[in-house]
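Hydrogens, waters and symmetry mates play no part in the numbers below; they use all other heavy atoms, side chains included. Keep in mind that this is a model prediction, so the values were computed, not measured.
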Amino acid sequence: MSDHGVIESHPTEGETFPPNPEFVAQANVSDPAVYWKAAENPEAFWAEQARELHWTKPFTQDLDWSNPPFATWFADGELNVSYNCLDRHVIAGNGDRVAIHFEGEPGDRTSYTYAELLHEVKRAANLLTSLGVTRGDRVAIYMPMIPETAIAMLATARLGATHSVVFGGFSAESLRSRIDDAEAKLVITADGGWRKGRVSSLKPTVDAALELHPGEAHSVEHVLVVRRTENEIAFHEGRDLWWHEEIVRMDAEHTAEGFPAENPLFILYTSGTTGKPKGILHTSGGYLTQVSYTHKNLFDLKPESDVYWCTADVGWITGHSYVVYGPLANGATQVMYEGTPDTPDWGRWWEIIERYGVTIFYTAPTAIRACMKVGRQEVEKYDLSSLRLLGSVGEPINPEAWIWYRDVVGSGRCPIVDTWWQTETGAIMISALPGLTRLKPGSAQVPVPGITVSVVDDQGNRVDRTQGGLLTIQRPWPSMARTIWGDPERFVDTYWSTHGVNSYFAGDGARVDDDGDLWLLGRVDDVMNISGHRLSTAEIESALVDHTSVAEAAVVGAHDDTTGQAVVAFVILKSQQTEVTPESAEDVLKKHVAGHIGAIARPRQIFVVPELPKTRSGKIMRRLLKDAAEGREIGDVTTLADTVVMSTISERVRAELSSKA
Ligand code: WT7
């Protein structure tokens, strides 16, 4: 980035793809007027979408922005999120429609109709009530990708309580800090889950989390355990309960009560620029409005006939918005798969698409690139002719992967929607509309109707077309984060202070091309994107310096052909320490980081260095470390206090890279 927040960028523009007439003829949205109608009065537009939901008390207000940046939407209305996702479909006569086709990694399969899912959620709501969960309480959910995870979320929502789903790959320490921050009184977990043919340790990690910091009381009263793997686990009398033993005792009747639109629905922790994850808070009515609108229209959903599949884990925002709330609010039939795409082999996803006749498929560029590497022959073994729309999310999709996705997975027929959004935005903000937009590989294209974005410089001035700048959102939107749990000041500072309180700072660089299409250029802050998952450099650095042998650490996200970015760390060892040698340090510290945060944070490489490049004021110049990690010529070093440091480091990295080549 240059000094003014303007990002140099070099477009690679090639072929574009207009929507095909057959698709347009049946598309949910095919009239371009939707854009100007929404733009004329976005609040009225969103209110119209909100009225698609079932309100126990209709709202009369839409946006209230009298206390920016703390928005409310539809605040005087009342609804029940779980009722909207379940009861109303059953009442409308669609109880026999399949809600979830579940496939476990070992190959076990079950399906839940809407009526069956509602039955389970009612019993689970009664179970949670029996454990003392009421409106406003927080419930932590630490689960594999199984139907009970969605059931637990919907049961929590049904009671007006707030869930905090923690991705099953996070460590005991990460789990504990999230439990503590939200003061969860109940943890719902499983004895394990299947991943790559092995059982992941979930309940043991919950036990470990609750045993950390002895002497400090925690908020958890009960741990509810779903049996998934027959894994041997410890049981704490009085605290731990088996889900399957309790649920059968529960009444299958439960009346969903309406709660205010701004009732907190969930907290989801995401990494920021400091070591402490942020608890992003989403509420009910506005959130459900935007996730259901986008899911229906950007994916062109026909609930009666489509089979939808989003491969995201429920531990991330994509799983919340486009596995649980969006699809279920729309009465969709979807596939849920527990495991990884390469188990037992790289044909697994394509086999699933063939088996269930998946029509809409939503996944991440990193997965597409991994499949590209393996080769198209794995895909071509299966009949994917049911597919009619493809989606991408999590990071920019490079045009090469886009074309492969279109040709090999979509047989050249299916539109691809590249959807840009964030944990904080709650729902998709930038995307093509498949019945309208001329698709352009690599570009996320245009703001969703009712959304206003602007690419600006540091001062907040709109940059000229084709120039890179900072992506901002210029109007409040229904599914926006309401605050950071317990830290409203950080909410203001992080998102609403760069260009003032009316301009949301997304943290991404972007460029608008001559056609008005948006190109995302990656993060402009110290946040990394590894396989579409957000990690903070500061969080990994603090995990590294937590090791007794490490004096200092600097972490960068370096380009990686498959995962987009990879974690590369530079550490200085303490001079007196004897625990690790420069040779053993890499292995020991990788394990340390994985243990501390979770396996997703494990660095790809760790370099032991004698010094870190710092400015005269002591700020680490990560930009130079990134140059080194990516094997590039080192950029401008004139602001360094000691210019020799960087040449030592880059020699060190180069030696390593060439010894591995
Ligand atoms: C960051 C948000 C949104 C769910 C998954 C990640 C990057 C996300 C795209 C896209 C380019 C994208 C951005 C954003 N990102 N989607 N289609 N094109 N970049 O959610 O963990 O909150 O991360 O992911 O950098 O800021 P998240």
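Between Trp242 and His244, the ring planes are tilted. Angles from 30° to 60° get that label. Using cut-offs of 30° and 60° for the angle between ring planes, the His592 and His547 rings count as perpendicular.
The heavy-atom pair separating Ser321 from Pro327 by the smallest distance is O-CD, 3.7 Å. For the residue pair Glu539 and Ser271, the shortest heavy atom distance occurs at OE1-OG, 3.1 Å.
For the pair Asp642 and Arg616, the salt-bridge criterion is not met [side-chain N within less than 4.0 Å of a carboxylate O]. Ion pairing between a basic and an acidic side chain is recognised when a charged N comes within 4.0 Å of a carboxylate O; Arg604 and Asp560 show such pairing. Salt bridge status for Asp108 with Arg228: present, with a side-chain N to carboxylate O gap under 4.0 Å. For Arg482 and Glu424, the salt-bridge test fails: no basic side-chain N is under 4.0 Å from an acidic carboxylate O. A salt bridge is absent between Asp636 and Arg623: the closest approach of a Lys/Arg side-chain nitrogen to an acidic carboxylate oxygen does not fall below 4.0 angstrom. Under the 4.0 Å criterion applied to side-chain N and carboxylate O atoms, Arg369 and Asp561 are not assigned as salt-bridge partners.
Side-chain N or O atoms of Tyr269 include none that pairs as donor or acceptor with a backbone N or O of Ser164 at under 3.5 Å. For the pair Arg138 (side chain) and Ala182 (backbone), a donor-acceptor distance under 3.5 Å is present. Asp627 places a side-chain N or O within donor-acceptor distance of the main-chain N or O of Gly635, the cut-off being under 3.5 Å. Between the side chain of Glu105 and the backbone N or O of Thr340 there is at least one donor-acceptor pair closer than 3.5 Å.
Geometric assessment of Arg178 against the ring of Phe170 yields a positive cation-pi assignment under the 6.0 Å and 45° thresholds. In this structure, Lys203 is positioned above the aromatic face of Phe235, its NZ or CZ under 6.0 Å from the six-membered ring centre and within 45° of the axis.
When ring centroids are compared, Phe607 and Phe570 come within the 6.0 Å threshold. Proximity of the aromatic rings of Phe266 and Trp485 is defined here by a centroid distance below 6.0 angstrom, and this criterion is not met. Proximity of the aromatic rings of His163 and His320 is defined here by a centroid distance below 6.0 angstrom, and this criterion is met.
Within the 4.5 Å cutoff, the side chain of Thr423 has no heavy atoms near those of the Trp316 side chain.
When each of Arg348, Lys196, Arg195 is paired with Asp342, the salt bridge (Lys or Arg N to Asp or Glu O under 4.0 Å) condition holds for Lys196 and for no other.
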Apply the test side chain to side chain contact (heavy atoms under 4.5 Å, CB included) to residues Glu541 and Arg622: give CA-CA distance (whole Å), side-chain angles for both, the deciding distance (0.1 Å), then the verdict. CA-CA 12 Å; Glu541 285 166 3; Arg622 291 195 184 71; 2.9 Å; yes

